[in-house]
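The structure appears right after this line, and notes come after that.
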Amino acid sequence: MSQHKIAGAPISWGVCEVPGWGHQMEQDRVLSEMKSVGYTACEFGPLGFLPEEPAKRSEVLAKHGMKAVGGFVPVLLHKPEHNPEPEIRAELEAFKTAGAEVMVLAASTGLDGYDDRPVLSQEDWATLLKNLTNLEAVAAEYGVKAVIHPHVGTVVERPEDITRVLEGSNIGFCFDTGHMMIGGTDPVEFAQKHAGRIGHVHLKDVRKAVAQRVIDGEITYYQGVVQGLYTPLGQGDVDVTTILASLEKAGYTGWYVLEQDNVVNEEPAAEAGPIADARASVEFLTTTLASVA
């Protein structure tokens, strides 16, 4: 591995918080396979994948030679009657104890899954932006960087949503190349224009033909994932090389998390399944970073 901070995510092995997502592979196998492809760190994954007790989280990761990067935290941000701070403080305690650096916030719709989302009022947007500003400050108290993740099927998904956050707060972004593209934002352009707001990176490559069917509402996001929406880095339609060059030129020093949402239908045979795609992505990323750095 290079000097760059490169990590993995359990969703690349099909481990997901969405009910009915697919077969959930065992923790030990996922972490062992992450280590074998060259990761030294990972995001937490959904609640229950790692122990909920923070000290035990660290122990499990250390057993596999891994450290904690942080994790994805869906949270309801836009309801004036709902204060998200207590639940986020509880999660931050766990992040701090586990040595995690980044909390990736997603603006939950309040619904299960990522196939529907509500229309927000002006009051809802004002609440969301106020909560983002507050939670960024709260996270900093714990030595954790909070970022907002534009994500398909969440409240912050489309270009107009992203613009509202850019203009209405100072919080950094989890720049997810796949979700940006599927939500309608050009990830190459975002990396060039807003590198200073990028605090964390999720690298995905996307088959644009499948993404377009999701965008058009022909299939759901979940169906898109099943039908090969994501592909190893360098094998899809995202210009990952140009994006990496832009980030490196801007002096990005955060994590590059390889994260391709995946659905696994059954326990794979040894050395089969998600590990092959993960290995291909790691090889592409390390080679490309060496060429653009």
Side-chain angles (χ1 to χ4, degrees), residues 4 6-16 21-22 33-34 37-39 43 72 104 114-115 149-154 157-159 162 173-192 194-195 198 200-248 252 255-265 268 272-292:
H4 293 90
I6 298 172
I11 187 67
S12 296
W13 275 258
V15 180
C16 182
W21 185 261
E33 291 190 356
M34 281 188 181
V37 301
Y39 296 136
E43 291 193 355
F72 180 75
V104 179
Y114 298 117
D115 296 328
H149 185 346
H151 192 291
V152 170
T154 68
E157 171 187 1
R158 298 168 184 165
I162 291 169
F173 280 75
C174 172
F175 174 55
D176 186 304
T177 54
H179 283 280
M180 284 272 183
M181 176 183 270
I182 298 162
T185 296
D186 180 345
V188 172
E189 186 179 326
F190 189 90
Q192 291 168 340
H194 304 295
I198 295 173
H200 194 56
V201 174
H202 283 174
L203 287 172
K204 293 179 171 70
D205 208 341
V206 175
R207 291 184 176 94
K208 199 166 186 178
V210 182
Q212 194 60 51
R213 296 178 69 206
V214 176
I215 293 164
D216 292 343
E218 185 182 331
I219 56 175
T220 65
Y221 179 74
Y222 174 80
Q223 289 168 332
V225 173
V226 172
Q227 293 176 30
L229 176 61
Y230 297 115
T231 180
L233 295 189
Q235 297 180 27
D237 297 305
V238 176
D239 188 351
V240 179
T241 300
T242 298
I243 288 167
L244 291 172
S246 294
L247 292 172
E248 290 293 304
Y252 177 73
W255 287 96
Y256 290 112
V257 180
L258 289 158
E259 189 207 49
Q260 292 138 302
D261 294 13
N262 194 7
V263 174
V264 176
N265 292 318
I275 190 172
D277 283 358
R279 185 174 283 119
S281 289
V282 169
E283 289 171 358
F284 178 88
L285 177 59
T286 52
T287 301
T288 304
L289 283 172
S291 72
V292 302

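Along the sequence shown, residues carry numbers from 1.
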Q) Rounded to the nearest 0.5 Å, what separation is found between the CG atom of Leu258 and the CG atom of Leu285? A) 5.0 Å
Q. Rounded to the nearest 0.5 Å, how far apart are CD of Glu43 and OG of Ser12?
A. 9.5 Å
Q: For Gly228 and Val210, work out which heavy atoms get closest and say how close.
A: O-CG2, 4.2 Å
**Q.** Non-hydrogen atoms of Pro150 and Phe173 that approach each other most closely
**A.** CG-CD2, 3.7 Å
Residues 237-244 side chain polar contacts: donor-acceptor under 3.5 Å, at least two apart:
unit_1, atom_1, unit_2, atom_2, d
Asp237, OD2, Lys208, N, 2.7
Asp239, OD1, Thr242, N, 3.2
Asp239, OD1, Thr242, OG1, 3.1
Asp239, OD2, Thr242, OG1, 2.7

Q.
For a quick test of reading the model, state the closest non-hydrogen atom pair linking Lys204 to Leu233 and the distance between them.
A. C-CD2, 3.7 Å
Q) Are any side-chain N or O atoms of Thr286 and backbone N or O atoms of Glu283, one a donor and one an acceptor, separated by less than 3.5 Å? A) yes
**Q.** Heavy-atom check, side chain of Pro10 versus side chain of Met34, under 4.5 Å
**A.** yes
Q: First locate atom CG of Asp261, then atom OH of Tyr221, and finally report the distance between them rounded to the nearest 0.5 Å.
A: 3.5 Å
Q: Say whether, by atom type as modelled, one donor and one acceptor occur between the side chain of Tyr256 and the main chain of Leu289 under 3.5 angstrom.
A: no
Q. Quick one: CD on Gln227 to OG1 on Thr220, what's the gap to the nearest 0.5 Å?
A. 8.0 Å
Q) Passes side-chain contact (heavy atoms from CB on, under 4.5 Å), Gln235 versus Phe284? Steps please. A) CA-CA 9 Å; Gln235 297 180 27; Phe284 178 88; over 6 Å; no
Q.
Checking Gln260 now: which residues fulfil side chain to side chain donor-acceptor pair (under 3.5 Å) with it, not counting sequence neighbours?
A. Ser281
**Q.** Smallest separation among heavy atoms of Pro268 and Pro274, with atom names
**A.** CG-CD, 3.9 Å
Q | From Leu229 atom CG to Gln212 atom CD, the distance as rounded to the nearest 0.5 Å | A | 11.5 Å
(Q) Determine whether Asn262 and Trp13 satisfy the following criterion, side-chain contact (heavy atoms from CB on, under 4.5 Å), listing intermediate values before the conclusion. (A) CA-CA 6 Å; Asn262 194 7; Trp13 275 258; over 6 Å; no
Q: Could you tell me how the ring of His179 sits relative to the ring of Tyr230: parallel (under 30°), tilted (30 to 60°) or perpendicular (over 60°)?
A: tilted
Q) Going by the salt bridge (Lys or Arg N to Asp or Glu O under 4.0 Å) test, which pairs reach into residues 217-236, not counting sequence neighbours? A) Arg213-Glu218
Q.
Checking the side chain of Asp205 only, and the main-chain atoms of Gly234 only, is there a donor and an acceptor separated by less than 3.5 Å?
A. yes
Q) Rounded to the nearest 0.5 Å, how far apart are CE of Met181 and CZ of Phe190? A) 14.5 Å
Q | Residue pair Ala9 / Glu259: nearest heavy atoms and the distance that separates them | A | CB-CG, 3.6 Å
Q: Can you see which heavy atom on Thr185 is nearest to which on Ile162, and at what distance?
A: OG1-CD1, 3.5 Å
Q: Tell me whether the centres of the aromatic rings in Phe72 and His149 are closer together than 6.0 Å.
A: yes
